[in-house]
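Proteins get letters first, then strands, A, B, ... in listed order; numbering begins at 1 in each.
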2 protein chains.
Amino acid sequence: MLAAKLRDLILSGEIEPGKSLPTERELVGDSGLSRSSVREALRVLEVEGLITTRPGRSGGSTVQLPGRGSVARSMQLFVRSHSIRVEALLETRVGVEPFLASLAALNATDREVEEMAAIHKRFEESIDNVVAYKRINLDWHLAVARASRNEVLIALMEAVSQPIFDAADYQEVTTPEIRKAAIRAHAGILKAIEARDAKGAAARMEKHVSAYADVMRSKLMLDTGAS
Amino acid sequence: MLAAKLRDLILSGEIEPGKSLPTERELVGDSGLSRSSVREALRVLEVEGLITTRPGRSGGSTVQLPGRGSVARSMQLFVRSHSIRVEALLETRVGVEPFLASLAALNATDREVEEMAAIHKRFEESIDNVVAYKRINLDWHLAVARASRNEVLIALMEAVSQPIFDAADYQEVTTPEIRKAAIRAHAGILKAIEARDAKGAAARMEKHVSAYADVMRSKLMLDTGAS
DNA sequence: CCTCGCGATTGGTCTTATCATTCGTAATTT
DNA sequence: AAATTACGAATGATAAGACCAATCGCGAGG
């Protein structure tokens with residue numbers, strides 16, 4: 001199909017990101033297909049995140065690279081449609097985040113360390129604003145993931161985190177004590193990363209995420225037990 | 001848009017998997033849109049893995065759940081288009097597979113243990129058939145992943161493994177000695193899983209995958225160094 | 001009772017036309 | 001001369017109708 005042909009063109013790098021595909025009417029001429037077919041092909045590529053298309057005079061289909069958001073959306077669809085056990089998501093974090101922390105300790109640039117520290121500062125200040133706390137917490141974990149410089153795992157974390165934070169009735173899971181503990185944990189992890197102490201960062205992260213998962217699990221048990 | 005509306009219908013469970021959507025012409029009537037627009041909406045859902053559509057009399061669009069293959073495809077696009085460093089993929093395996101092994105030790109059913117053992121048996125027999133060896137090796141790792149019962153990580157492994165095995169010029173990376181070592185490693189991991197020894201399984205898997213990654217890395221260094 | 005084939009149903013494609021959006025350009029105004 | 005405005009062209013978005021291709025149900029014929 002045409003979509004496959006165009007996809008190959010894009011993936012093989014023959015059309016660089018930022019450059020435009022021919023217009024729909026030109027593609028009709030080139031391919032011998034009808035307008036509808038061409039449009040369906042373009043729609044496929046659009047869903048795959050390979051192009052964006054704008055209407056208007058200098059519109060058209062612009063080639064782009066499927067960002068991590070593309071993978072994340074796909075993963076979210078997967079999670080939602082399978083009503084994946086929140087268990088599995090928590091488990092995933094427990095499995096992956098310590099590793100990310102150790103990678104971050106090894107690979108983080110100064111710039112990234114600064115960013116994590118800045119987020120952490122805001123985190124400390126948000127201790128009695130639950131909504132902000134929730135968002136900043138997510139930001140921090142994603143910042144650590146980004147500092148790992150492993151694109152695949154970054155994408156995974158982005159895909160997995162959102163559903164967790166959505167699913168969690170966070171306001172009820174988060175007591176002030178828990179928040180204080182989280183801040184301490186983050187501080188410790190950050191210090192280990194700054195010291196380039198991979199093992200330490202992993203160990204602290206493992207403890208932190210496990211604790212979070214345990215709290216979450218007990219909350220879930222109560223919920224399902226009560227229903 | 002119509003796609004969003006139908007997607008919500010599916011995700012909210014109002015249309016069960018296996019059931020059929022209205023025919024395209026019915027959707028035209030219901031929505032007031034044109035056939036082309038309806039078709040584009042369906043094409044979007046198809047790419048997202050939410051429906052499959054067959055032509056013919058009792059054809060139509062059948063609702064299904066986006067399988068792990070859907071996530072894997074998205075991940076593969078991501079990997080290909082970003083020319084992600086094989087490094088990152090190897091790193092991902094090193095980070096995730098030990099954890100999967102420990103989960104497998106905890107969660108695998110007898111049925112799954114049997115399956116892994118069966119694959120391992122074929123693995124041992126394939127020692128001088130490189131092509132078979134390659135495929136069976138992949139099978140075994142995926143079987144371990146499946147035994148972890150963590151859908152998210154299973155999907156990740158399926159997404160990541162294929163590109164690794166594609167990228168690797170496996171025949172050159174695999175010497176008979178390496179193959180023998182892999183068989184021994186698999187045997188050890190399998191034994192740990194059977195004994196429900198999570199820590200042991202993780203440690204052995206970590207060693208195995210790290211060794212593989214090292215071999216691969218040195219091969220890559222040579223390649224890039226020589227080019 | 002089985003087999004073959006016709007026709008109906010459904011997705012797949014094509015054609016043509018029209019609408020909506022954007023931008024370049026030229027006419028108009030200041 | 002410069003700025004503003006209005007028109008038109010290019011381009012994607014949508015629509016309507018027709019026909020093709022594949023598939024299956026069902027009836028005619030063996």
Side-chain angles (χ1 to χ4, degrees), chain A residues 1-11 14-67 69-70 73 77 81, chain B residues 1-11 14-67 69-70 73 77 81:
Chain A
M1 175 175 297
L2 176 60
K5 186 177 142 196
L6 289 176
R7 188 183 306 122
D8 281 345
L9 275 185
I10 294 175
L11 290 181
E14 297 196 33
I15 310 180
E16 295 176 6
K19 207 61 193 304
S20 283
L21 256 55
T23 67
E24 292 185 357
R25 289 171 175 84
E26 280 174 318
L27 285 173
V28 169
D30 293 350
S31 64
L33 299 176
S34 74
R35 187 89 188 275
S36 356
S37 304
V38 168
R39 279 186 58 78
E40 287 189 21
L42 292 177
R43 194 50 66 97
V44 169
L45 297 181
E46 192 177 20
V47 174
E48 292 177 340
L50 289 169
I51 63 175
T52 49
T53 123
R54 298 163 317 178
R57 175 157 177 154
S58 274
S61 299
T62 309
V63 173
Q64 61 178 10
L65 299 180
S70 181
R73 260 201 312 282
L77 264 185
S81 62
Chain B
M1 175 177 296
L2 175 60
K5 187 177 141 196
L6 289 177
R7 182 170 30 233
D8 281 346
L9 275 185
I10 295 175
L11 290 180
E14 297 196 32
I15 309 179
E16 295 177 7
K19 206 63 193 299
S20 285
L21 255 53
T23 67
E24 292 185 358
R25 289 168 176 86
E26 280 173 322
L27 284 173
V28 169
D30 294 350
S31 64
L33 299 174
S34 76
R35 182 104 183 268
S36 356
S37 304
V38 168
R39 279 185 59 78
E40 285 189 23
L42 292 177
R43 194 49 66 97
V44 169
L45 297 181
E46 192 177 20
V47 173
E48 292 177 340
L50 288 169
I51 62 175
T52 49
T53 129
R54 297 164 317 179
R57 174 155 179 153
S58 274
S61 299
T62 309
V63 173
Q64 61 177 10
L65 299 180
S70 179
R73 253 176 39 88
L77 265 185
S81 62

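Arg54(B) comes within 4.0 angstrom of the backbone, heavy atoms only, and of no base.
The side chain of Thr23(B) lies closest to dT10(C), out of dT21(C), dT10(C), dA17(C). Among the nucleotides dG11(C), dG12(D), dT9(C), the one closest to the side chain of Arg57(B) is dT9(C). Among dA15(D), dT18(C), dA18(D), the nucleotide with an atom closest to any side-chain atom of Arg25(A) is dT18(C). Ranking dC14(C), dG12(D), dG12(C) by closeness to the Arg39(A) side chain, first place goes to dG12(D).
In this structure, Met1(A) places its CE atom 10 Å from P of dC14(C), rounding to the nearest Å. Computed from coordinates, the Leu42(B) CG to dT10(C) P distance equals 14 Å when rounded to whole Å. Across the protein-nucleic acid pair, Arg35(A) atom CZ and dA17(C) atom P stand 14 Å apart, rounded to whole Å. In this entry the distance linking CZ of Arg43(B) with C1' of dG11(C) reads 10 Å, nearest Å. Rounded to whole angstrom, the span from the CG atom of Leu33(A) across to the C1' atom of dC19(D) amounts to 17 Å. If you measure from atom CG of Leu21(B) to atom P of dT9(C), you get 20 Å, rounded to the nearest angstrom. What separates CD of Glu26(A) from C1' of dG12(D) is a distance of 13 Å, to the nearest Å. Across the protein-nucleic acid pair, Glu46(A) atom CD and dG12(D) atom C1' stand 11 Å apart, rounded to whole Å.
A salt bridge links Arg73(B) with Glu48(A): at least one charged nitrogen is closer than 4.0 Å to a carboxylate oxygen. Ion pairing between a basic and an acidic side chain is recognised when a charged N comes within 4.0 Å of a carboxylate O; Glu46(B) and Arg43(B) show such pairing.
The phosphate of dA13(D) has OP1 or OP2 within less than 4.0 Å of a side-chain N or O from Thr53(A). In this model, the phosphate group of dA15(D) is approached by a side-chain N or O of Ser37(B) to a distance below 4.0 Å at OP1 or OP2. Here Ser34(A) reaches the OP1 or OP2 of dC14(C): one of its side-chain N or O atoms lies under 4.0 Å away. Considering only side-chain N and O atoms, Ser58(A) lies nowhere under 4.0 angstrom from the phosphate OP1 or OP2 of dA10(D). One finds no side-chain N or O of Ser36(A) lying less than 4.0 angstrom from the OP1 or OP2 phosphate oxygen of dT16(C).
Within the 3.5 Å criterion, the main-chain N or O of Leu77(A) finds a donor-acceptor partner in the side chain of Ser81(A).
A distance of 4.5 Å separates CZ in Arg54(B) from OG1 in Thr62(B), rounded to the nearest 0.5 Å. With values rounded to the nearest 0.5 angstrom, Thr53(B) atom OG1 is found 7.5 Å from Leu42(B) atom CG.
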